[in-house]
Amino acid sequence: MPSNHFKQITRWVCLPAVAAATLGACSVDSQLDITDPDVLNVGDFNSPAGATPVRLGVIGDFTVAFSGTQDGVVVMSGNLADEVYSTDTFDGRLFPNQRTTNDQLDQVATAYRNLHRARVGASRVVPILKEFTPTATANIAEIYAIRGYSEIFFAELYCSGVPFSSEDTFGQPLTTEQMLQTALASFDSALAIVGTDVKIRSLAQVGRARVLLNLNRASDAAQAVNGVLTTFKYETFHSQASGRQENGIWNALSVTSPRYSLYNKEKNVEFLRTPADPRVPWAATTRRGFNAAHTNINDQRKYSRIGSVALADGVEARLIELEARLRGGTQADRQAVYDGLNALRGQWQALGYATAIAALTGGAPTTQAAAVDQLFEERALWMWLTGHRLGDLRRLVRQYNRNESDVFPSGPLRAPLTGNYGTDVNFVIPAAETNNPNFSGCIDRGA
């Protein structure tokens with residue numbers, strides 16, 4: 001990277017206009033000369049003191065991409081799935097909600113750029129950390145893990161064909177499986193260097209298991225989370241120090257005239273129950289959406305303006321283990337999963353819930369299809385508004401042979417919108433990617 005760029009600001013002191021007929025009537029006042037930094041490059045931080053700022057910068061960029069804007073991973077993926085719907089007037093939010101995405105949607109393109117910024121930034125910063133803070137292995141592992149999560153989100157949100165370019169090289173389009181394999185390598189790198197830091201190790205373990213689950217390797221995924229405590233949690237943090245740092249989920253759903261609102265039961269899961277499930281806190285309001293035709297907008301109560309957001313936690317680890325057990329397909333497996341789901345509900349106090357989560361009743365499902373439905377409903381409630389739902393719906397199609405129309409919102413759009421839902425199950429790669437000569441569009445649009 002080039003070194004610091006500086007610009008010299010020179011103050012010209014001119015005589016009164018009557019005398020200043022030519023440039024010669026002006027003189028340079030050297031006492032007013034200042035040196036002002038123009039651009040700070042990553043190379044400027046190649047020092048022990050600079051390693052921490054660039055590391056924190058990557059974490060900040062990832063937070064923006066994940067949960068820090070109205071159209072981050074959490075909200076955007078929920079909009080295409082069945083967690084939230086758009087109350088906006090912008091195509092970039094309305095079209096995904098209608099399952100009719102295209103490559104010209106500004107909000108989708110912004111989310112795409114933000115994810116790449118975090119991914120590329122992580123790759124750029126790792127060598128700096130290794131050179132100048134080689135003993136801070138947990139910090140290096142954390143950046144590897146953040147890169148892995150960025151790569152997961154490309155695989156879960158977008159069609160296959162996303163190129164992973166670097167700052168100086170155009171990437172080749174990757175299939176969904178190749179994106180996931182790339183993420184797997186990032187998590188492997190994190191685990192190879194993490195050392196004794198339990199929190200960062202658990203972060204990488206859960207991320208690695210999430211990749212393996214997406215690759216339909218459920219048994220391997222369960223092994224990957226071995227040792228992760230149920231009480232483990234890794235969160236992105238927010239503040240009111242700047243708009244960039246605020247909780248974007250709150251900004252999307254909880255302001256006076258929000259761009260989004262909450263689905264109750266658009267497809268298979270009833271989210272907004274009365275009384276509210278402690279995992280899905282919500283409240284009815286009389287607010288209108290950004291498009292005032294949307295009335296009586298319901299509000300989420302999970303996040304505040306500065307509320308932290310779980311990227312990975314021990315609940316996810318237990319749910320992964322239970323899904324692997326369910327793959328056994330026997331009634332004993334279904335009973336074990338049912339009991340495990342109730343055991344997880346019974347740990348509500350240790351997991352930070354003020355209200356008890358009632359146990360499931362009725363006994364274990366007696367068919368595999370019903371057991372899968374129950375497990376994925378529990379995943380939907382435990383991980384509501386955390387960026388998991390779209391990936392889960394796609395897995396139901398890809399791994400459990402469900403029909404797209406039986407999994408994703410389908411049929412007539414909710415009023416005041418008219419028409420019917422489309423058939424998209426992922427986002428189209430934005431048109432800006434056509435600057436890459438290797439890119440020629442989505443490889444396929446399937447789940």
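The first residue of the sequence shown is numbered 1, and numbering continues consecutively from there. In what follows, every heavy atom counts, from backbone to side chain, and hydrogens, waters and symmetry copies are set aside.
A donor and an acceptor atom, one from each side chain of T110 and R113, are located under 3.5 Å apart. Counted by atom type alone, N216 and Y400 present zero donor-acceptor pairs between their side chains at under 3.5 Å. No side-chain N or O of E156 forms a donor-acceptor pair with one of S77 less than 3.5 Å apart. Residues Q70 and N251 have side chains that never bring a donor and an acceptor to within less than 3.5 angstrom of each other. In this structure, a donor-acceptor pair under 3.5 Å is present between the side chains of Q300 and S254. Looking only at atom types and distance, the side chain of R327 has no donor-acceptor partner in the side chain of S219 under 3.5 Å away. Side chain to side chain, H238 and S67 meet the donor-acceptor criterion of an N or O pair below 3.5 Å.
For the pair R301 and W282, the cation-pi test (distance below 6.0 Å, angle within 45°) is failed.
With respect to D88 and R259, a salt bridge is recorded, a charged nitrogen being found less than 4.0 Å from a carboxylate O. In this structure, D197 does not pair ionically with K199, as no charged nitrogen and carboxylate oxygen lie closer than 4.0 Å. Checked for salt-bridge contact, R244 and D61 meet the test: a charged N lies under 4.0 Å from a carboxylate O.
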>> Could you go through D71 and R93, starting from their C-alpha distance and side-chain angles, then the distance that decides it, and tell me whether this counts as side chain to side chain contact (heavy atoms under 4.5 Å, CB included)?
In response: CA-CA 8 Å; D71 305 290; R93 299 182 177 113; 2.8 Å; yes
> Do R325 and R334 pass the side chain to side chain contact (heavy atoms under 4.5 Å, CB included) test, and can you show the C-alpha distance, the side-chain angles, and the key distance before you say yes or no?
Replying inline: CA-CA 8 Å; R325 178 65 190 269; R334 292 189 283 271; over 6 Å; no
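A ring-centre distance under 6.0 Å is found for H116 and F154. Taking the ring centroids of Y112 and F427, they lie at or beyond the 6.0 Å cut-off. In summary, the aromatic rings of F439 and F170 are positioned with their centroids too far apart to meet the 6.0 Å limit. F153 has its ring centre no less than 6.0 Å from the ring centre of Y158.
In this structure, the salt bridge (Lys or Arg N to Asp or Glu O under 4.0 Å) partners of D373, at least two apart in sequence or on a different chain, are R402.
Ring geometry, F90 versus F290: the interplanar angle exceeds 60°, so the pair is classed perpendicular (tilted spans 30 to 60°).
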